[in-house]
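Okay, structure first, notes after.
Just so it is clear: chains get the letters A, B, ... in the order the sequence lines come, proteins before strands, and each one is counted from 1. Predicted, not measured: the structure shown is a model, and the values here were computed from it.
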Number of protein chains: 2
Amino acid sequence: MLSRTRIVDAAIALIERAGADAVSMRGIAAELGVGVMSLYNHVPNKAALLDAISESVLSQIEFTDDPSAHWTDRVRMQARAFRQIAHHYPRSTMVVFSRQLHSTAGLLPVERALATLRDAGFEGEAAVRMLRMFVAYIVGSLLREVGVTPTFAPVRDEALVEVDPALFPEVSSLSPYLTSCDHDEEFEFGLELLVQAMAVRAEKRGARG
Amino acid sequence: MLSRTRIVDAAIALIERAGADAVSMRGIAAELGVGVMSLYNHVPNKAALLDAISESVLSQIEFTDDPSAHWTDRVRMQARAFRQIAHHYPRSTMVVFSRQLHSTAGLLPVERALATLRDAGFEGEAAVRMLRMFVAYIVGSLLREVGVTPTFAPVRDEALVEVDPALFPEVSSLSPYLTSCDHDEEFEFGLELLVQAMAVRAEKRGARG
DNA sequence: GCGTGACACGTACGCTGTACGTGCGTCAAC
DNA sequence: GTTGACGCACGTACAGCGTACGTGTCACGC
């Protein structure tokens, strides 16, 4: 029997195998060995299917939150959990980022994050701000890692060799670092910087309050 | 006469007016009052056209870099310049983010950023790391602002009223802050936090070196 | 006058999402 | 046991998409 979850799973598998551009209702139907229109008995339209994919991916984030750990470690763990699922479904992650979601999927991650931030001493608006900043960093990082580089994080080698050292001295001299990119180290670097910056703010708040 | 830039400009105008989904070769041709196939005399295919759109948007970033200013102010200015163009072409920005670019457009912003980071005391790999982290934050922020919220930065009001306070106490109590979002303040908050974090690193490096 | 190239355009093909109708299986009511 | 309703898989059909290819119309050098 066909079902919504079977369709979503097949769609995710197809995206990971053939890319997001290759996702068509006909392709998904073929993946499942059914007719195209059969899908519409379980999903209203393609947009809703893509939303369901987003929801599925986000809900698979594994938060093994340890309330006894120091809040800095909990922040690190949650950020890595977010990143891990994106690496598990890299191409599907792109469709998640390219869609506005109207669901409550991923509400649990937010809940956990806010609780952690409360432990760190951030409450009310400050906690929400910190959360949004963190999410922005993580999303931006994943967007780079997953393949879409907004302003070429790892620049293409061919393009760089053409760079005129006189016009772009910095880019030219730093080209070895610009062309290579260890995503793990890069992510951890920014994560650590953010955690430390948060710790500074937390101390300030603690001193004041 | 038709020209590549006229086509790109029309495409951007169409995207901003009707949304990225509405971009079709036929639509762009209609916008210009020409036949569809005439476009292909100036653009090899749709993908190349979208790349040209990205290039055009990125090249319009206005960097009025002031080398005499303190590096922290220069970082702030460059980040805001990036953000400003995204606000000028919000929907086109989404196509920029959703495409991997293979061009050297936006090489100048990178050059300026690296020069600024050098002034701040970051060289070699450290400078590139800082740049990438900054870009990640900016891109992630813009992705939220521009309308696509990965894990609902400003959560939908309707969705939140249904949240069970027993299951999601934090989300529930912080809902007034989660439902509203002053993008300017939000962006400046994160920007300031990053700049301060960078300043701390810069001092450390200075003390060591 | 005569190529020759640039360029706007029409036609046509294979693809897409999906509205609609059809047929088959199962189950409830009588 | 018959009948009606309903869920669900499916086929057909249509509008719209990107674009390969051929055709027409110019301005130009010889």
Side-chain angles (χ1 to χ4, degrees), chain A residues 1-57 91-92 94-103 148, chain B residues 1-57 91-92 94-103 148:
Chain A
M1 265 283 278
L2 219 45
S3 74
R4 184 183 164 95
T5 63
R6 282 227 309 147
I7 294 174
V8 170
D9 291 347
I12 291 177
L14 181 60
I15 290 177
E16 294 305 327
R17 177 152 34 83
D21 293 343
V23 179
S24 71
M25 299 302 270
R26 283 175 172 83
I28 296 169
E31 182 96 356
L32 289 164
V34 300
V36 195
M37 294 316 292
S38 307
L39 303 177
Y40 287 87
N41 289 319
H42 307 270
V43 171
N45 50 43
K46 188 181 181 181
L49 174 55
L50 293 178
D51 286 343
I53 291 174
S54 298
E55 202 165 338
S56 172
V57 170
R91 297 174 136 158
S92 302
M94 280 311 301
V95 337
V96 175
F97 286 166
S98 67
R99 301 194 61 73
Q100 179 142 19
L101 14 148
H102 311 290
S103 82
V148 178
Chain B
M1 265 284 277
L2 219 45
S3 75
R4 184 183 163 96
T5 63
R6 282 227 308 146
I7 293 174
V8 170
D9 291 347
I12 292 178
L14 181 60
I15 291 176
E16 294 305 327
R17 177 151 34 83
D21 293 342
V23 179
S24 72
M25 298 303 270
R26 285 174 170 83
I28 296 168
E31 182 97 356
L32 289 164
V34 300
V36 194
M37 294 314 292
S38 307
L39 303 177
Y40 287 87
N41 289 320
H42 306 270
V43 171
N45 51 42
K46 187 181 182 182
L49 174 55
L50 293 178
D51 286 343
I53 291 174
S54 297
E55 201 164 339
S56 171
V57 169
R91 296 175 137 159
S92 302
M94 280 310 301
V95 338
V96 175
F97 286 166
S98 67
R99 299 194 63 72
Q100 181 142 17
L101 15 149
H102 311 291
S103 82
V148 179

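The heavy-atom pair separating K46(A) from S24(A) by the smallest distance is NZ-CA, 4.4 Å. Residues R4(B) and A52(B) come closest through the heavy atom pair NH2-CB, 3.5 Å. The shortest non-hydrogen separation linking E31(A) to A10(A) is CG-CB, 3.9 Å. Of all non-hydrogen atoms in G27(A) and L14(A), the two that sit nearest each other are C-CD2, 3.9 Å.
Look at CE on M25(A): it is 13 Å from P on dA9(D), rounded to the nearest Å. A straight line from CD1 of I7(B) to P of dT19(D) spans 13 Å, rounded to a whole angstrom. The interatomic distance linking M1(A) (CE) with dG7(D) (P) rounds to 12 Å, in whole Å. Atom CG in L32(B) sits roughly 15 Å away from atom C1' in dC9(C) (whole-Å rounding). Nucleotide dT18(C) holds its C1' atom 14 Å from the CD1 atom of I28(A), rounded to whole Å. We find that CG of L39(B) is positioned 11 Å from C1' of dG18(D), with the value rounded to whole Å. Rounded to a whole Å, the NZ atom of K46(A) is 14 Å from the P atom of dA19(C). Put simply, CG on N45(A) is 8 Å from P on dA19(C), counting in whole angstrom units.
The phosphate of dC17(D) (OP1 or OP2) has a side-chain N or O of S24(B) nearer than 4.0 angstrom. Between S38(A) and dC8(D), a side-chain N or O to OP1/OP2 separation shorter than 4.0 Å is absent. Between H42(B) and dA6(C) there is no side-chain polar atom (N or O) within less than 4.0 angstrom of OP1 or OP2.
Atom CG of D9(B) sits about 8.0 Å away from atom OG of S3(B), to the nearest 0.5 Å.
V23(A) comes within 4.0 angstrom of the backbone, heavy atoms only, and of no base.
Residue R26(B) is the one, among R26(B) and P44(A), whose nearest nucleotide of DNA chain C lies closer to the 5' end (criterion: closest heavy atom).
Checked against dA20(D), dT16(C), dG18(D), the side chain of M37(B) finds its nearest nucleotide in dA20(D). Taking only side-chain atoms of N41(B), from C-beta outward, the nucleotide of dT19(D), dT18(C), dA8(C) with the closest atom is dA8(C).
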